[in-house]
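Let me begin by presenting the structure, written as structure tokens, before commenting on it.
Per chain, numbering begins at 1; letters A, B, ... match sequence-line order. From a predicted model like this one, the values you see are computed outputs, not experimental measurements.
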Amino acid sequence: MSLAARRSGIPVHVWAGVALVAIALGVLPFVAALAGQAWVRILNFAMIYTMLALGLNIVVGFAGLLDLGYIAFYAVGAYTYALLASPQFGIHLPFWVILPIGASIACLFGVLLGTPTLKLRGDYLAIVTLGFGEIIRIFLNNLNAPLNFTNGPQGINLIDPFRIGGFSLASTETFFGISFSGPQKYYYMLLLLTIAVIFVNLRLQNSRLGRAWEAIREDEIAAKAMGINTRNVKLLAFAMGASFGGIAGAVFSATQQFISPESFGLFESIIVLAMVVLGGMGNIPGVILGAVLLTLLPEVLRYTMEPLQMALFGRVVIDAETIRLLVFGVALVAIMLFRPAGLWPSAVRKRELEVAKEEAAA
Amino acid sequence: METFLQQIINGLTLGSVYALVALGYTMVYGIIGLINFAHGEVVMIGAMVALSVITGLLGSHASLPAVVIILAGLFVAILVCVAIAYSMEKIAYRPLRSAPRLAPLITAIGMSIVLQNVALMVWGRNYRTFPTLITPTPHIIFGAAMTDLQMLIVVLAALLMGGLVLIVQRTRLGIAMRATAQNPQVAGLMGIDINVIISAAFVIGAALAAVAGLMVMAYYGIAHYYMGFLLGLKAFTAAVLGGIGNLAGAMLGGLLLGIIEALGAGYIGDVSNVCGLSSLSDALQQKCADNDGQVSLFGSNYQDVFAFFVLILVLIFRPSGLLGERVADRA
């Protein structure tokens with residue numbers, strides 16, 4: 001069937017739905033801006049985390065390799081951009097030049113981590129990746145002496161914003177009589193990038209490689225017997241997951257214009273993993289849902305917890321920062337208890353879980 | 001030589017604490033295959049509760065002997081930790097026993113966040129100092145100093161570990177635990193109540209964690225709501241280093257990790273000193289001149305890197321830890 005014929009086969013209401021979603025996503029930053037520019041920034045973060053979670057989903061969700069140090073690749077991407085586009089070394093390369101550099105360096109680190117650890121299974125792999133993530137963070141934290149590379153715990157400041165020609169995304173500008181703030185312009189750039197990343201992920205999942213990953217996840221020995229080169233395919237999962245992490249990192253650097261090792265701790269790795277698992281491992285819409293939800297939830301709590309306490313008790317009983325994390329932790333536990341396969345599990349996993357339940361009952 | 005012995009002593013002390021915490025990880029993992037991420041927070045709660053009781057008693061009954069005060073603190077800490085671990089297992093882990101493997105991992109992370117923030121609410125954000133009830137008198141052994149606190153920690157940890165081995169090897173409970181670890185279904189058919197055994201593993205681990213919490217607080221002299229995180233991470237690393245699910249492995253891993261860290265921190269500065277090299281850049285030569293020929297690429301702030309680096313090396317050559325057997329394949 002040709003592409004055109006297939007397209008014409010799609011019913012009108014699907015197109016209408018797509019158009020509606022597109023319009024909704026298009027006006028979203030302006031709706032969010034009504035509540036303050038901070039919310040536009042939060043939306044931007046939701047998209048960065050979506051890219052990050054989709055990258056981790058390749059490793060954990062598709063290939064079934066538990067990675068607890070994924071944030072290291074995000075850090076590598078972020079620092080690559082920061083060092084090549086800031087006064088730190090006086091280098092100012094354009095974004096489009098750094099993006100592939102950042103992705104390939106992160107990819108290289110993915111292979112570097114993957115090669116020696118592919119023999120490891122299950123939780124041993126988890127702890128090695130965790131150790132790797134910590135090693136990267138500690139190096140970033142300490143590479144300011146005797147020679148200053150990363151500026152240590154102070155982080156790197158004054159990173160170049162995203163620019164196309166002379167057009168910077170950081171400043172407010174007016175087109176067609178509508179004023180676009182910096183975060184709003186970033187929103188559209190991030191939206192395009194996120195859609196691209198989602199598209200690549202969807203194509204990957206249904207590709208020969210995607211099916212090979214799934215086969216390895218289900219049964220590595222059987223996959224090997226079917227002629228899959230498990231070592232190379234697993235290495236590819238690490239490399240591709242890492243590249244997406246690197247891209248997300250570079251984008252983070254350009255959006256934030258300031259980075260420090262603090263943003264790349266183990267806790268961040270764990271949160272990204274929580275996004276993948278809680279949304280529904282291996283299912284792309286689920287992972288997106290998990291990423292958006294876990295980015296928004298703490299922020300919503302930040303703004304609602306204080307007024308809520310005022311309304312209930314007439315004073316602030318617990319300070320907002322503490323209770324927000326407390327509720328976040330409780331929510332993680334509760335969601336997993338009620339939906340153990342995640343909020344939006346893939347059809348395969350759902351089926352597996354039902355079979356497992358029937359077996360347990362029998 | 002003195003530095004070497006000194007670092008060995010320091011490493012042994014810290015390693016004993018790691019070993020006690022690692023036992024909690026490894027027992028739970030051995031039986032239900034769960035990385036109990038919240039275990040480090042249980043250690044922190046133990047330390048904080050003990051601290052509160054001890055400072056409270058010092059305020060109201062200052063005439064009591066120090067030993068009584070410390071034991072009272074320890075007793076309450078053990079009670080609280082056991083209660084927390086027991087209810088945690090019941091609420092957050094038991095309902096997910098037949099769920100996908102990563103689901104209880106996420107609830108464990110959730111519990112860890114909850115415990116940390118509860119501690120933050122109760123004890124605040126600041127570092128708390130531990131009153132010096134035991135004045136550390138150093139004893140000189142071959143030119144290296146070992147305080148009686150360090151001796152106490154090492155001896156007590158050794159006793160506890162010996163006791164645990166006795167329980168696991170000799171008592172009915174221990175036999176039931178080992179049977180459940182091998183095959184829960186068959187153990188159930190043999191009349192063992194698996195739920196009780198799993199609770200027992202959590203409870204014993206939590207009691208050891210409370211002791212470890214008090215030890216590490218007394219050793220460093222401070223406690224903090226965030227202290228459980230890195231300690232738990234190190235102890236888990238130790239458990240994996242030794243071979244997770246294996247009691248002897250956890251002890252060996254803990255002691256080794258402590259010693260490796262101490263030696264690493266003690267020597268890495270000298271080993272990576274660049275001033276002895278013949279070809280140096282002008283900037284580095286200048287720095288060497290400024291710092292009396294002591295410019296290290298890696299200082300003792302790389303201590304943690306050392307621990308993880310050794311872990312990765314060990315796992316590359318022995319993929320299931322030093323004393324471990326193969327574990328489940330899937331994530």
Quiz item: What part of B:Phe309 is in contact with chain A, defined as an atom under 4.5 angstrom from a non-hydrogen atom: side chain, backbone, both or neither?
Solution: both
Quiz item: Does atom CD of A:Gln154 have more than 12 heavy-atom neighbours, drawn from other residues, nucleotides or ligands, at distances under 6.0 Å?
Solution: yes
Self-check item: Student check: side-chain heavy atoms of B:Tyr225 and B:Val122 closer than 4.5 Å
Solution: no
Exercise. Check the angle between the aromatic planes of B:Phe229 and B:Tyr226 and answer parallel, tilted or perpendicular using the 30° and 60° thresholds.
Key: parallel
Quiz prompt | Region of B:Leu115 that comes under 4.5 Å of a non-hydrogen atom in chain A | solution = neither
Practice problem: Report the option among A:Ala126, A:Gly342, A:Pro116 that has the most heavy-atom pairs separated by less than 4.5 Å from atoms of chain B. | Solution: A:Pro116
Quiz item: For chain B, which of A:Leu332, A:Leu326, A:Val128 has the most heavy-atom pairs under 4.5 Å?
Solution: A:Leu326
Quiz prompt | Polar side-chain atom of B:Thr237 near backbone of B:Leu233 as donor-acceptor pair, under 3.5 Å | solution = yes
Quiz item: If you tally heavy-atom pairs under 4.5 Å against chain B, which of A:Leu125, A:Leu278, A:Val277, A:Val327 wins?
Solution: A:Val277
Exercise. Please state whether the rings of B:Phe236 and B:Phe37 are parallel, tilted or perpendicular, taking 30° and 60° as the class boundaries.
Key: tilted
Quiz item: With chain B, which of A:Ile271, A:Ile136, A:Ile127, A:Leu130 has the greatest number of heavy-atom pairs at distances under 4.5 Å?
Solution: A:Ile127
Practice problem: Measure across B:Ala181 and B:Gly30 and return the closest heavy-atom pair with its distance rounded to 0.1 Å. | Solution: CB-O, 3.5 Å
Practice problem: Inspect the surroundings of CZ in A:Phe89 and state if more than 12 heavy atoms from other residues, nucleotides or ligands are less than 6.0 Å away. | Solution: yes
Quiz item: Given the options B:Leu105, B:Ile113, B:Ile91, which has more heavy-atom pairs under 4.5 Å with chain A than any of the others?
Solution: B:Ile113
Exercise. Please flag which part of B:Leu315 lies under 4.5 Å from any non-hydrogen atom of chain A: side chain, backbone, both or neither.
Key: both
Quiz prompt | B:Leu311 portion near chain A, given a 4.5 angstrom heavy-atom threshold | solution = side chain
Exercise. Run the numbers on A:Val60 and A:Leu56 for side-chain contact (heavy atoms from CB on, under 4.5 Å), then give the verdict.
Key: CA-CA 6 Å; A:Val60 180; A:Leu56 181 61; 3.6 Å; yes
Exercise. For chain B, find which of A:Val330, A:Leu266, A:Thr117 contributes the most heavy-atom pairs closer than 4.5 angstrom.
Key: A:Leu266
Quiz item: What part of A:Leu68 gets closer than 4.5 Å to chain B, counting heavy atoms only: side chain, backbone, both or neither?
Solution: side chain
